[in-house]
Participant: 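Pasting a structure here, questions to come.
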Number of protein chains: 2
Amino acid sequence: MTGVQLRAGLANADLIAVLVAVTDNEPRVMTLRAGEALPSGPFESQHRSLQSGLRDWIESQTGHPVGYLEQLYTFADRDREAPTEAGGVRRISIGYLGLVREQVTPGTGQPQWHGWYEYFPWEDHRDRRPLVLDSITDRLDSWAGADALRRERVDFLFGQNGLPWNEDLALQRYELMYEAGLAESPSRPAIERFGRPMTGDHRRILATGIARLRAKIKYHPVVFELMPDSFTLLHLQRTVEALSGLRLHKPNFRRQIDQQELVEETGEMSSGTGGRPAKLYRYRPTVLQAQALAGPRLPVSRH
Amino acid sequence: MTGVQLRAGLANADLIAVLVAVTDNEPRVMTLRAGEALPSGPFESQHRSLQSGLRDWIESQTGHPVGYLEQLYTFADRDREAPTEAGGVRRISIGYLGLVREQVTPGTGQPQWHGWYEYFPWEDHRDRRPLVLDSITDRLDSWAGADALRRERVDFLFGQNGLPWNEDLALQRYELMYEAGLAESPSRPAIERFGRPMTGDHRRILATGIARLRAKIKYHPVVFELMPDSFTLLHLQRTVEALSGLRLHKPNFRRQIDQQELVEETGEMSSGTGGRPAKLYRYRPTVLQAQALAGPRLPVSRH
DNA sequence: TCCAGATGTACTCATCCAGAGTATAAGGAG
DNA sequence: CTCCTTATACTCTGGATGAGTACATCTGGA
């Protein structure tokens, strides 16, 4: 590393996938070992890129094509697994986020889908502010003690003291809880109250995926990768709500959707689930929208 | 991979850093081998995380602390290096983006700083639309031929046919040029016109860093990591302009800065570089802002 | 049959912010 | 003293966003 010299290390490498679907207005992730682990697999394959290899594998597992696949993060800290195996070989995992269409049945094979709020119950604010949050902030407050910096972080991340709840901060919330000893730790009983645990750092990887997806749906039309071919606007809204863990304002949501011209009517109507039948829509992909959309802008001078 | 089984592969791994500084209103990257390569180094170290190991190394190389360090992407395609070494071992590199304070002298040692627009001359739109763009779009148009999809991509990425130039798409532009054979390729002479080449896929990695940084400065106050302790508002603006490759509207830029309350006056004035002396400001970091800022919002229902 | 409840759809209104332009203040150079 | 450059403070306008209201159209049950 000094100077020009390249000295490459050998590493133990694999892929880990956060595979998301939304069924019955509930976001779900594909898991193994009765919900304890995220699917992971070997690094080597005949494919040119990791991405295409992973894509193939997922399709063979779920029977559905992967609509969207994105590299999340590469996890390589020394203490990822509880007992680090001896020797200088570091274990690294490249995490991916994948979106698949809604599944009718969870599949007959090994992989199972679990609602992601089982792992992060405090992240679901659709009905009400979840009750667990009180226990959590209690614990965090005593962890913070007199440390002003810690207090500020807690307030900011968990929407205390008049600060708003920000759904994008899921990862940072989990990391803070981990730091404060509320997540994975030796003392089992108290833990179950704060969401279902997973092996190793899989829960952190899942949190990374959730945070990324929540941020992404705001400026990139990826939600449609989770929708069936035709859907009602409410169905679409419920899906976004499921992912973000928030309730949205219906008229405004509709206005946004149609002024972005992302969907078009199929001409059919839904066979009502209760009230008045709704128009069915389909996604209208465009090259332009597919790549980038809106987002905050710099105050560019035009001329 | 089938079922629960984990099968990990061994891989050849290293780190690659895109280290950015802004000097004299020019964004620069740290390079080795006379500007041909990005600095890269071994994977293994005694540090718990890659991040902290890399941080140490950079500080030893530049003599300055790294203000901001972020994982960029993990590059692992089979054809990264021209002649793939035989055997099943895939070469992977974890790319990082680092920001360091402005350098007075480029350093006496091996590493050199090069303006990043040497590598991407078509990305600098501060003075005028760069002239190279004409040659590029000519070549791309003939590459697209009658293919409507290709045409649309070219128009969108390069701001043709009335579409606006979008500075964030630097990576996608480079990838399109690569796909069309305008970037790295056997035929040297024509290439030099389209920016200085680098070894392997280093130029792509650099493009990734540029694109990420350009996107980031819009919703996260990372520019300040590139600024000296005190600075004028115009200096700050010039730095943002250097990174984004755009000219900004001065009054609006100032308005944005002060309504975000990111800076405070030091009380001193600049010893004028020409016109009226300007107030000096310093960055005012806050926990709140440090973590997340503004950004597009979902139409949340509040009550 | 008709009403209650649920859903779908179309408006209005106020506020805020971003893009754009203009005007004035305060220094240096000739 | 005048011109040039930079700094700083306003104004104006349009569009997007948050919030609320009104009305349409179905199902199911009293």
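Heavy atoms only: backbone and side chains are in, while hydrogens, waters and symmetry mates are out. Lettering of chains follows the sequences in order, A, B, ..., and the numbering in each one begins at 1.
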Participant: Just how far, in rounded Å, is P of C/dG8 from CG of A/Leu233?
Facilitator: 8 Å
Participant: In whole angstrom, what separates B/His235's NE2 from D/dT6's P?
Facilitator: 15 Å
Participant: Round to the nearest Å and state the distance from B/Met269 atom CE to C/dA25 atom C1'.
Facilitator: 11 Å
Participant: Please give me the minimum heavy-atom distance between B/Glu167 and B/Glu123, naming the atom from each residue.
Facilitator: O-OE1, 4.4 Å
Participant: When you measure from the side-chain N and O atoms of B/Lys250 to the phosphate of D/dT8, is any distance below 4.0 Å, counting only OP1 and OP2?
Facilitator: no
Participant: What integer distance in Å separates A/His249:NE2 from D/dG20:C1'?
Facilitator: 6 Å
Participant: Atom CD of A/Gln237 to atom C1' of C/dG8: distance rounded to whole Å?
Facilitator: 11 Å
Participant: Would A/Arg282 and A/Glu265 pass as an ion pair if we require N to O under 4.0 Å?
Facilitator: no
Participant: Parallel, tilted or perpendicular for B/Phe120 and B/Tyr174, by the 30°/60° rule?
Facilitator: perpendicular
Participant: To the nearest angstrom, how far is B/Phe253 atom CZ from D/dT6 atom C1'?
Facilitator: 15 Å
Participant: Can you identify which nucleotide, out of D/dC26, C/dG27, D/dT8, has its nearest atom closest to the A/Arg276 side chain?
Facilitator: D/dC26
Participant: C/dA18 phosphate, OP1 or OP2: any side-chain N/O from B/Gln259 under 4.0 angstrom?
Facilitator: yes
Participant: Can you check nucleotides 9-15 of chain D for protein contacts, nitrogen or oxygen pairs under 3.5 Å, and list what you find?
Facilitator:
none

Participant: Of all heavy-atom pairs between B/Tyr281 and B/Thr266, which one has the smallest distance, and what is that distance?
Facilitator: C-CG2, 3.6 Å
Participant: In whole angstrom, what separates B/Leu280's CG from D/dA7's P?
Facilitator: 11 Å
Participant: Just to verify, which of A/Lys218, A/Arg212, A/Lys216, A/Arg214 counts as forming a side chain to side chain donor-acceptor pair (under 3.5 Å) with A/Asp168?
Facilitator: A/Lys218
Participant: What do you reckon, is CG of A/Asp138 surrounded by more than 12 foreign heavy atoms closer than 6.0 Å?
Facilitator: yes
Participant: Just call it for A/Leu234: base, sugar-phosphate, or nothing, with non-hydrogen atoms closer than 4.0 Å on any strand.
Facilitator: sugar-phosphate
Participant: For B/Glu265 and D/dA7, give me the distance from atom CD to atom P, rounded to whole Å.
Facilitator: 14 Å
Participant: According to the interplanar angle, ranging from 0 to 90°, do the rings of A/Trp165 and A/His125 count as parallel (below 30°), tilted (30 to 60°) or perpendicular (above 60°)?
Facilitator: parallel
